[in-house]
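The structure appears below as C-alpha cells.
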Amino acid sequence: EVQLQASGGGLAQSGGSLRLSCAASGLSFDDYSIGWFRQAPGKEREGISCIKSSPGGQIYYSDSVKGRFTISGDNAKNIIYLQMDNLKPEDTAIYYCAAEENDYGDCSARRYDYDYWGQGTQVTVSS
C-alpha cells in the first residue's frame, strides 16, 4: 500500500525558509514521480514542483517558485524534500505531496496525473 506523509510546514516570516518532507512507503522512486502541490484558500490546487529520480533524473518547477524552492530526494530513506527559501506571503497554502506511477516519462505538474496523495501540511508566511 502506497502511503505519503507530508511534514515540515509552519509559520515563517517573509524572506524566511522552511523545508518540507514527504515520506513515502510502499513505492520505489525508480517507478514513481513525486510532486509537490499547494492550495491556497479559494484557489485551485497548483503543481509547483516534481521530481523523477530515475532514469536520468528530471525536475520541474513552476514559474511561481523557480529560483526559490529546491526539490531533492533521499532514495535510501524514501523521502522527498522541498526546500523553500525567500518565502513570500503568497506562498501561504496547504502543501501536499503526491505520487504518480511513472516508469519512463517526465514528472507531471497536473494534479489529475497523480494516484496517491499525502494529507497536506500548512505553510503560513507573514509579511
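Counting begins at 1 with the first residue of the sequence. It should be emphasised that the depicted structure is a prediction, and the values quoted were computed from it without experimental measurement.
In this structure, SG on Cys97 lies 7.5 Å from CD on Gln119, to the nearest 0.5 angstrom. Rounded to the nearest 0.5 angstrom, Ser7 OG and Ile79 CD1 are separated by 8.0 Å.
No chain of hydrophobic side-chain contacts below 4.5 Å, direct or via other Ile, Leu, Val, Met, Phe, Trp or Tyr residues, connects Tyr96 to Leu87. Hydrophobic cluster membership is shared by Ile51 and Tyr32, with clusters built from Ile, Leu, Val, Met, Phe, Trp and Tyr side chains linked at under 4.5 angstrom.
Using a 30° and 60° split on the angle between ring planes, Trp117 and Phe37 fall in the tilted class, from 30° to 60°.
Heavy-atom contacts from other residues, nucleotides or ligands closer than 6.0 Å to CD of Gln5 number 12 or fewer. Environment of CD in Gln13: sparse, with no more than 12 heavy atoms of neighbouring residues, nucleotides or ligands closer than 6.0 Å.
In terms of heavy-atom proximity, Tyr114 sits nearest to Cys107 at OH-CB, 4.4 Å. Residues Asn102 and Lys52 come closest through the heavy atom pair O-CE, 2.6 Å. Leu20 approaches Gly9 most closely through the heavy-atom pair CD2-N, 3.5 Å. Residues Ser17 and Ala12 share a closest heavy-atom pair of O-CB, 4.5 Å. Closest heavy-atom contact between Ile48 and Ser64: CG2-OG, 4.3 Å. Between Thr92 and Ala40, the shortest heavy-atom distance links the atoms O-CB, 3.7 Å.
Val65 is listed as a side-chain neighbour of Arg38, based on a closest heavy-atom distance under 4.5 Å. Between Tyr60 and Ser33, every side-chain heavy-atom pair lies at or beyond the 4.5 Å cut-off.
Both tests hold for Arg19 against Tyr81: distance to the six-membered ring centre under 6.0 Å, angle to the ring axis within 45°.
Asn78 places a side-chain N or O within 3.5 Å of a backbone atom of Ala24 that can act as its donor or acceptor partner.
Salt bridge annotation for Lys88-Asp91: absent, with no cationic side-chain nitrogen under 4.0 angstrom from a carboxylate oxygen.
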- Are Leu4 and Leu27 close enough, and set up right, to give a side chain to side chain contact (heavy atoms under 4.5 Å, CB included), and what steps lead you there? CA-CA 10 Å; Leu4 302 169; Leu27 61 79; 4.3 Å; yes
